[in-house]
Amino acid sequence: MTQDAPRSLPENTPLVIAGRTYRSRLLVGTGKYQDLEETGRAIEASGAEIVTVAVRRTNLGQNPDEPNLLDVISPDRYTILPNTAGCYTAKDAVRTCKLARELLDGHDLVKLEVLGEEKTLYPNMTETLVAAEELIKDGFKIMVYCSDDPLLAKRLEEMGCIAIMPLGAPIGSGLGIQNRYNIRLIVENAKVPVLVDAGVGTASDATIAMELGCDGVLMNTAIAQAQDPIRMANAMRLAIESGREAWLAGRMPKKLYASASSPLDGTFF
Amino acid sequence: MNIQLNGDPLEIADQATIATLLETLSLTGKRLAVEVNEDIVPRSQHDEYQLKAGDCVEVVHAIGGG
């Protein structure tokens, strides 16, 4: 499935998001780490240049000198991608994006996710479409978390979303890419970057996403909840690079039977 | 007068602005965003924006998330 038929080699076009070119195709979240120090080290090891954050009420009781996430993940160094995690309606997602834009001094790149239900955190696509339309009208640049439905992915692109981010499997599940065929179809149809967002569990899952032709992968739990998050961050960096290289190299066609690698001519037996 | 701040009731001075509220909370100069009754109040307006009794104020910041 990762490419059976002969094809022309894909062009090695750089990853451009909202007019900016990125070297790293690994995007990482900042949730579920033990502390900010571990968060910072893992992100450093991942080589990521785009980092997601959530927007929540300020804890008013806390020590005012306590370090803030954005002190560790500086907006001067990283592209901060605020998400709308936890939103179940278009209204809450739009509100969250507006707060994020204010928080980040007018930075209008956001990751839109509108969830459908708690058990699977599967995206609510009807609400996602409503929110996307309103946000695009308001000038936001939207990277959209979505189901792996090729038609809805196309629809989001046509509306003006700047990146399409289908799930590989439910958020935080670590199950890997469950429907490679759909991801392939989405990649083939898209003119904007396609990134697998959610579901990656280990390095090979990230590689598979890249071998399918994805432009990048966004992950959080796979790194944060690994036994050694720093080492896993490095593994993911390598996995993304490997998968990208393999995609660009154009894999050999799959065959049902063996084909000897050593020549049959010149045998002496 | 009373307002709602991040979901909890809070008594503040009658003439309080967003800037004075943030000062009371030791949040002056922190990277945050403020919303009053579901509308953003841009940072540039914090000094002059006067709160009214019953206002629902949200003060948010960035935290870890995926």
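Letters A, B, ... are given to chains in the order of the sequence lines, protein chains preceding strands, and every chain is numbered from 1. Note: hydrogens, waters and symmetry copies are ignored here, and every other heavy atom, side chains too, is used.
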Least distance between heavy atoms, [X] atom then [Y] atom:
X     : Y      : answer
B:G7  : A:R57  : N-NH2, 3.4 Å
B:G66 : A:N220 : CA-OD1, 3.0 Å
B:L25 : A:L60  : CD1-CD2, 4.1 Å

Is it the case that more than 12 heavy atoms not belonging to [X] sit under 6.0 Å from its [atom1] atom?
X      : atom1 : result
A:E117 : CD    : yes
A:E241 : CD    : yes
B:E48  : CD    : yes

Hey, could you give me the CG/CG distance between A:N68 and B:L32, rounded to the nearest 0.5 Å?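 Answer for the CG-CG pair, A:N68 versus B:L32, is 8.5 Å.
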
Rounded distance [0.5 Å steps], CZ in B:R31 versus CG in A:L103: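 These two atoms lie 7.0 Å from each other.
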
Heavy-atom cut-off 4.5 Å, strictly under: side chain, backbone, both or neither for A:L99 against chain B? both

Using heavy-atom distances under 4.5 Å, tell me whether A:I80 contacts chain B through its side chain, its backbone, both, or neither.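 No part of it gets close to chain B.
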
Please rank A:K98, A:E113, A:M219 by heavy-atom pairs under 4.5 Å with chain B and give me the top one. A:K98

Would you sort out whether B:R43 and A:D105 count as a salt bridge (charged side-chain N to carboxylate O under 4.0 Å, His left out), showing the intermediate values? CA-CA 9 Å; B:R43 203 162 299 152; A:D105 306 316; 2.5 Å; yes

Within residues 33-40 of chain B, which positions have a heavy-atom distance to chain A below 4.5 Å? B:A33, B:V34, B:E35, B:E38, B:I40

What residues, two or more places apart in sequence or in another chain, satisfy salt bridge (charged side-chain N to carboxylate O under 4.0 Å, His left out) together with A:K32?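 Counting only residues at least two positions away or on another chain, A:K32 forms no salt bridge (charged side-chain N to carboxylate O under 4.0 Å, His left out).
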
Pick from B:P42, B:G64, B:G65: which one has the most heavy-atom pairs with chain A under 4.5 Å? B:G65

